[in-house]
Amino acid sequence: MIPAEILISGPRTLAGTLFVSGAKNAALPELAAACLCAGELTLANLPAVEDVRVMMAALQRIGARVELDAAAHDVRINLPAVTSSEVPAEIVQTSRASILLLGPLLARTGHGRVCLPGGCPIGDRKVNLHLAGLRQMGAIIREDEGYIEATTKGLRGTEFDFPIKTVTGTENLIMAAVLAEGTTILRNCALEPEIGDLIRLLRGMGALISDEGSDVLEITGVSRLTGSCHRIIPDRIEAGTFAIAGALPGNDLLIENAEPEHLASLLDLLRAVGASVRLDGPRIGVRGTGPWHPVEVETAPFPGFPTDLQAQLTTLLTQVPGKSRVRETIFNDRFRHIAELRRLGAAIEVDGDTATITGATPLRGSVLTTTDLRASAALVLGGLIAEGETVIRNAYQLFRGYEGLAGKLQNVGGAITIRMLENAR
Ligand code: EPU
């Protein structure tokens, strides 16, 4: 863990161009997919973020040769033989990378032992559906001392209906099914673009998977997969965070290397709030022009409004006159940024799963503590609006999923510095 604080001197108007990195949440399952073949897997557009580094360390632990070309954002992975099918806690305690290795390890070796996943404290993050699906495919699973251990004499195709949509659950079962014997049908699959990207990678490796645009997937197991080369899609949550920054009153940002189709729900909402949004191929221009209107929004699985942008949107809504409402439907404890935004002077009430934001309020710099990745981004935006200095403690969270955010924002006028600490507070 890297102990650090973020220092922001506000208020700052942002103007200029921001470049989007590769998608963290596509990179993680795609790195895990390297377990499924003995040949070389090359991933391009790999984001330089902590969660990805942790996943690469986990792959090394199970026997992979991982060659990273950091300047090119490329990685080559070779795993001719799995030398250990255990992913210990000390490697993955800060990330949810571990659970994504369970399906691939089982499929490749018939055994996987992974520590129960960490990641952001944003509510219950159950994995019961991952385990139910794997059991139905013929795995025997035990949970003990914070670990999940699964064994099988061979995975078999099955029909599995997800009672609720789960992103990594869908990814895990797809990766298990590609090498299982027979055909697997998965129903009510999540449709997030990262899943489509994983499916395209697996197809390139020789997997037989039906159309990625549907929530019903049919996967016919093959006896082996081969190496492949794949370019990771742009990070829609980073792009969305930049779009929200652009929508703040007075800002004017051009976001490059984005995939606007992956952000339709956010861009519609920003227009409804009063921002001007222009699309031009992989570029999104967003200006905080007004006139402003309060909005009501609830998070939902893709193509709905993403929970991973809920905190950042809440910061924007503190600057929009009137009462806006944000309902969080995916996670049951994802409002921890609100107490911190209140320290900056925001007027926000929480009632169960709904936050009511009364704007526009002037914000003043303060000392804040962040608890999760997306909350960190929300607080950075708050610091850029606020008058005076804002300090964000526990800044490690931001490095987990945003590549070089401070530098990117500095380039468009943000006065942000990262202070590395000798001891974490
Ligand atoms: N759920 C279950 N049982 C399961 C799996 C999920 O009840 O077996 C519940 C969860 O408790 C949660 C809901 O279903 O309430 C949705 O969870 P999901 O499984 O979809 O989330 P995840 O796969 O753990 C991924 C992203 C998250 C993102 C969510 C929702 C990755 C590595 N993580 O998590 O990203 O918030 O989908 O879109 O893909 C982030 O990047 O900041 C982040 C938290």
Side-chain angles (χ1 to χ4, degrees), residues 21-33 47 49-52 54-55 58 92 94-103 116-136 141 143 148 160-176 186 188-198 215 232-233 235-241 262 265-266 298-312 328-334 336-337 353 370-378 397-403 405:
S21 298
K24 168 190 76 101
N25 287 347
L28 294 176
E30 290 171 6
L31 286 165
V49 296
E50 273 296 291
D51 279 10
V52 162
V54 168
M55 181 57 112
V92 286
T94 60
S95 158
R96 293 182 70 71
S98 53
I99 192 67
L100 280 167
L101 287 163
L102 192 63
L116 278 170
C120 291
I122 52 182
D124 290 340
R125 299 195 71 178
K126 297 192 204 109
V127 292
N128 57 311
L129 302 175
H130 302 228
L131 305 188
L134 293 173
R135 281 194 177 103
Q136 224 175 281
I141 301 180
E143 293 179 60
I148 301 171
F160 187 78
D161 290 29
F162 288 100
I164 54 168
K165 289 201 189 288
T166 156
V167 175
T168 50
T170 302
E171 292 164 348
N172 227 341
L173 294 197
I174 293 171
M175 290 192 281
L186 302 177
N188 195 27
C189 294
L191 291 170
E192 270 64 7
E194 294 76 17
I195 297 172
D197 203 47
L198 172 67
D215 67 355
I232 298 169
I233 52 170
D235 194 309
R236 67 193 164 98
I237 304 302
E238 186 194 27
T241 303
H262 295 168
S265 62
L266 170 72
E298 60 180 48
T299 60
F302 191 84
F305 185 83
T307 174
D308 291 343
L309 289 171
Q310 177 258 109
Q312 303 89 315
E328 172 57 56
T329 72
I330 306 290
F331 291 108
N332 59 8
D333 186 15
R334 209 173 196 184
R336 294 191 188 191
H337 50 285
D353 61 5
T370 182
T371 51
D372 76 75
L373 167 59
R374 307 303 171 187
S376 307
Q397 292 294 335
L398 197 69
F399 306 147
R400 290 187 38 218
Y402 286 93
E403 176 176 338
L405 185 69

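Just so you know, residue 1 is the first one in the sequence shown, and it goes up from there. Whatever order the structure lists ligands and atoms in, that order sets their numbers, starting from 1.
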State which residues pass ring-ring contact (aromatic ring centres under 6.0 Å, His included) with F302; sequence neighbours excluded, sorted by chain then number. none
Under a 4.0 Å threshold between the charged nitrogen and the carboxylate oxygen, would D215 count as salt-bridged to K165? yes
Within reach of ligand 1, part of R374 (heavy-atom separation under 4.0 Å): side chain
Evaluation steps, side-chain contact (heavy atoms from CB on, under 4.5 Å), between L100 and E30: CA-CA 9 Å; L100 280 167; E30 290 171 6; over 6 Å; no
One should read off an interatomic distance between T307 OG1 and F331 CZ, to the nearest 0.5 angstrom, of 5.5 Å
Pick from T166, I164, L131, N25: the one approaching atom 14 (O) of ligand 1 most closely through a non-hydrogen atom: I164
If the threshold is 4.0 Å, N to carboxylate O, is there a salt bridge linking K24 and E403? no
R334 touching ligand 1 at heavy-atom level, < 4.0 angstrom: yes
Using a strict cut-off of 4.0 Å, indicate which atoms of ligand 1 neighbour a heavy atom of L373. 42 (O)
At under 4.0 Å between heavy atoms, which part of V167 makes contact with ligand 1: side chain, backbone, both or neither? both
Numbered in order shown, the ligand 1 atoms found under 4.0 Å of a heavy atom of H130 are 8 (O)
Partner of V127 by side chain to side chain contact (heavy atoms under 4.5 Å, CB included), out of L134, I148, L102: I148
Show every donor-acceptor pair shorter than 3.5 Å between a side-chain atom in residues 168-175 and any protein atom, with sequence neighbours excluded, or say none if there are none.
from, atom 1, to, atom 2, distance (Å)
T170, OG1, T166, O, 2.6
T170, OG1, A190, N, 3.2
N172, OD1, G103, N, 2.9
N172, ND2, I99, O, 2.8
N172, ND2, H130, ND1, 3.0

Checking the N or O distance criterion of under 3.5 Å, is ligand 1 in contact with N128? yes
Min heavy-atom dist K24 to ligand 1 below 4.0 Å: yes
Sub-4.0 Å atoms of ligand 1 with respect to non-hydrogen atoms of T307: 30 (C), 36 (O), 38 (O)
Taking atom 43 (C) of ligand 1 as the point of reference, which of D308, I330, L129, T299 owns the nearest heavy atom? D308
